[in-house]
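Report on the following structure.
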Amino acid sequence: RSEVQLTDRCEDEFDELWTNIDASKVADAAAGWTAAAARAVKDLAQAGDGQKSLCHNSLRKRPTLPEALTTLRGLLSGAQGGAGVEEAAPAPGDE
């Protein structure tokens, strides 16, 4: 599905379809992600039909990198004051 075969690899590892894999399984336990953050990142990788996602089969249904960055920044700001989460450096031109 994707150039890096992210969803295929996860489906093989967990022996389930991507849509059935619990997002907390995909997240690294050491990352300390909330369940909501894990779901958001999983959906950013590949969401259901009609939603933009980085690994979508259709190029038109993939978000631009600035759109993906906005989603990730929203997760950072939504984390409890950003505790335990390092903020990414601003993208060129965003300073």
Side-chain angles (χ1 to χ4, degrees):
R1 292 178 195 168
S2 72
E3 289 79 4
V4 294
Q5 300 168 339
L6 171 77
T7 54
D8 292 336
R9 290 178 184 187
C10 286
E11 287 176 342
D12 287 345
E13 182 176 340
F14 298 111
D15 196 29
E16 293 185 64
L17 293 174
W18 176 255
T19 54
N20 297 337
I21 298 171
D22 186 299
S24 64
K25 290 181 181 179
V26 178
D28 183 345
W33 291 359
T34 64
R39 276 191 306 276
V41 170
K42 182 180 174 223
D43 286 346
L44 182 60
Q46 182 154 18
D49 287 316
Q51 297 180 30
K52 286 188 173 185
S53 54
L54 292 171
C55 297
H56 199 287
N57 293 331
S58 169
L59 292 176
R60 293 183 301 139
K61 292 291 185 172
R62 292 182 186 174
T64 64
L65 290 179
E67 289 171 335
L69 183 59
T70 298
T71 300
L72 294 172
R73 285 184 173 158
L75 287 172
L76 284 173
S77 67
Q80 298 177 339
V85 180
E86 286 186 35
E87 189 163 344
D94 282 357
E95 300 170 348

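Nothing here was measured: the structure is a model prediction, and the numbers come from that model.
When all heavy atoms of Trp33 and Ala38 are compared, the pair lying nearest together is CE3-CA, 3.8 Å. The shortest heavy-atom contact between Cys10 and Ile21 is O-CD1, 3.7 Å. Ala68 approaches Pro63 most closely through the heavy-atom pair N-CB, 4.4 Å.
Here the CG atom belonging to Leu54 is positioned 9.5 Å from the OG1 atom belonging to Thr64, to the nearest 0.5 angstrom. For the atom pair CG of Leu44 and CG of Leu72, the computed distance is 5.5 Å after rounding to the nearest 0.5 Å. A distance of 8.5 Å separates OG in Ser53 from CG in Asp43, rounded to the nearest 0.5 Å. Atoms NZ and SG, on Lys61 and Cys55 in that order, are 16.0 Å from each other to the nearest 0.5 Å.
Annotation: side chain to side chain contact (heavy atoms under 4.5 Å, CB included) contacts of Thr34 (sequence neighbours excluded): Ala36, Ala37. When the salt bridge (Lys or Arg N to Asp or Glu O under 4.0 Å) test is applied to Lys52, the partners found at least two apart in sequence or on another chain are Glu67.
In terms of modelled atom types and a separation under 3.5 Å, the side chain of Glu11 and the main chain of Trp18 share a donor-acceptor contact. Arg62 places a side-chain N or O within donor-acceptor distance of the main-chain N or O of His56, the cut-off being under 3.5 Å.
Legend: salt bridge (charged side-chain N to carboxylate O under 4.0 Å, His left out) pairs involving residues 12-24, not counting sequence neighbours, sorted by first then second residue: Glu16-Lys25.
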